[in-house]
Number of protein chains: 2
Amino acid sequence: MTRPRTRIQRRNRETILEAALEVFSAQGFRGATLDQIAEVAGLSKPNLLYYFPSKEAIHAALLGDLLDIWLQPLREMDPEGEPLAEILTYVRRKLQMSRDMPRESRLFANEVLQGAPRMGAAITGDLAALVETKAAVIRGWIAAGRLADVHPKHLIFSIWALTQHYADFDVQVRGVLGPAEPDPYPEAERHLERLFTRMLAV
Amino acid sequence: MTRPRTRIQRRNRETILEAALEVFSAQGFRGATLDQIAEVAGLSKPNLLYYFPSKEAIHAALLGDLLDIWLQPLREMDPEGEPLAEILTYVRRKLQMSRDMPRESRLFANEVLQGAPRMGAAITGDLAALVETKAAVIRGWIAAGRLADVHPKHLIFSIWALTQHYADFDVQVRGVLGPAEPDPYPEAERHLERLFTRMLAV
DNA sequence: GAAGAATTTTACCGTCTGGTCAGCGAGGCT
DNA sequence: AGCCTCGCTGACCAGACGGTAAAATTCTTC
């Protein structure tokens, strides 16, 4: 199972995944075509299928890598830290991910929007378990009077919704703000900091 | 331009749009096929194309109806009302729409996610203008000291993100909450009320 | 109930899509 | 140099796709 043997394998697999991310995130799984991915990658379609057995497999490889990266900031929320600071750090890191990895955010959003047909297990499994763990931490903080009383899981949903919105609905955000405000993120960060501080401070 | 002349025309156009909403919202534009829509509608594919000139036209008809419905609650936000109550009402109505019209929410999300290729004009036009108007109202409330100081447009983004999240990421929300909590909405409403109250109260 | 219009179906077309296959070429090893 | 594996290509296929044409059916109106 040692996948990428040679240098050329590693390079081309990476090129393909990069192109596939570009196309899948913009079109969804069914909307994307192997020809599009091949063109973006600068490779021929049969060559794609030399490295991956099918369109499905390319998509699966992307999603497999993604969930780990995506949940890393939540994993790093420290039960020993100062509650509000921990949550604000999480919010900031998640917002940074929206800015720096919007395609990954959209890939994920596309998948979940369409009912997570290729990811259902990961959501009810790893994801649900991690959230359960962190919700318990938050519950502890609240019980200790170090954080305002909120529903822990809905708090996490709120963080996801608010931060990912800036990646997933980018065109809408920019369309509404107009050309005078070319980068929504600095203002978004101030706004979200204020929102969560006021919501959670005791 | 009086479209639906006979009863049968009106009924079949409606059947088709209902089926198209089902399919487009679950698959996106490119992912949906006329055969799928025809099957859901219980009509033959050529019969679909008797009522609508093309796949594009069906999609356009859906989106055209949608934006009006979608923005109605924001339009109804009353500049003469009590600021916090007006905003909480808006949040509640928007959350109700997520619960009662999740397919419409997902149709919209799919479109925007993929760069709003068939809706760009409406976003930078009508939508941006309406938000500008309402942002001015909010700015007035803040200046009068009747609402906490927040960025008006990012406040509106927050309302959209938080409420639509429950429709667009439904499988994720339910997957994380688990089967013990079959209806996320009552808790979501309490959570969002608390969030916006704490955020906005002076 | 016949005429004529509105609706629906059958059969079909050209294009696109995911995927296959036989072979060609390039690299590395002895 | 010769061999052999790895990497790559062009031609192709079967099915799905959006859409069309014309005939068949149903509905309305007199």
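These numbers were taken from a predicted model, which means no experiment stands behind them. Chain letters run A, B, ... following the sequence lines, proteins first and then strands; every chain starts at 1.
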Less than 4.0 angstrom from a charged side-chain N to a carboxylate O is my criterion; do [X] and [Y] meet it?
X         : Y         : result
Lys153(B) : Glu181(A) : no
Asp149(A) : Arg194(B) : yes
Glu193(A) : Arg198(A) : no
Glu187(B) : Arg190(B) : yes
Glu39(A)  : Lys45(A)  : no
Glu22(B)  : Arg106(B) : no

[X] [atom1] to [N] [atom2], straight-line distance once rounded to whole Å:
X        : N       : atom1 : atom2 : value
Asp35(A) : dA16(D) : CG    : C1'   : 14 Å
Arg10(B) : dC27(D) : CZ    : P     : 18 Å
Glu39(B) : dG18(D) : CD    : P     : 14 Å
Gln27(A) : dC16(C) : CD    : C1'   : 14 Å
Leu34(A) : dG18(C) : CG    : C1'   : 6 Å
Phe52(A) : dC8(D)  : CZ    : P     : 13 Å
Arg13(A) : dG7(D)  : CZ    : P     : 12 Å

So how far is it from Tyr185(A) OH to Ser98(A) OG, rounded to the nearest 0.5 Å?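 Tyr185(A) OH to Ser98(A) OG: 5.0 Å, rounded to 0.5 Å.
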
Less than 6.0 Å separating the ring centroids of Tyr166(B) and His154(A)?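 Centroid distance Tyr166(B)-His154(A): below 6.0 Å, so yes.
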
[N] OP1/OP2 closer than 4.0 Å to side-chain N/O of [X]:
X        : N       : value
Arg30(A) : dC17(D) : yes
Gln9(A)  : dC6(D)  : no
Asn12(B) : dA6(C)  : no

For Tyr51(B), does the six-membered ring have the charged nitrogen or CZ of Arg13(B) within the cation-pi criterion, i.e. under 6.0 angstrom from the centroid and within 45° of the normal?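 Checked: cation-pi criterion not met.
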
Would Lys134(B) count as a cation-pi partner of Tyr90(B), with NZ or CZ less than 6.0 Å from the six-membered ring centre and within 45° of the ring normal?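 No cation-pi geometry.
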
Could you check if a side-chain atom of Thr33(B) sits within less than 4.5 angstrom of a side-chain atom of Gln27(B), using non-hydrogen atoms only?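 No, side chains not in contact.
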
With a 4.0 Å cut-off on heavy atoms, is Ala32(B) in touch with a base, just the backbone sugar-phosphate, or nothing at all? sugar-phosphate

Give me the residues of residues 17-26 of chain B where at least one heavy atom lies under 4.0 Å from an atom of DNA chain D, by number, or none. none

Taking DNA chain D as the partner, which of residues 54-66 of chain B come within under 4.0 angstrom of it by heavy atom? Ser54(B), Lys55(B)

Looking at DNA chain C, which of residues 44-51 of chain A put a heavy atom within less than 4.0 Å of it? Lys45(A), Pro46(A), Leu49(A)

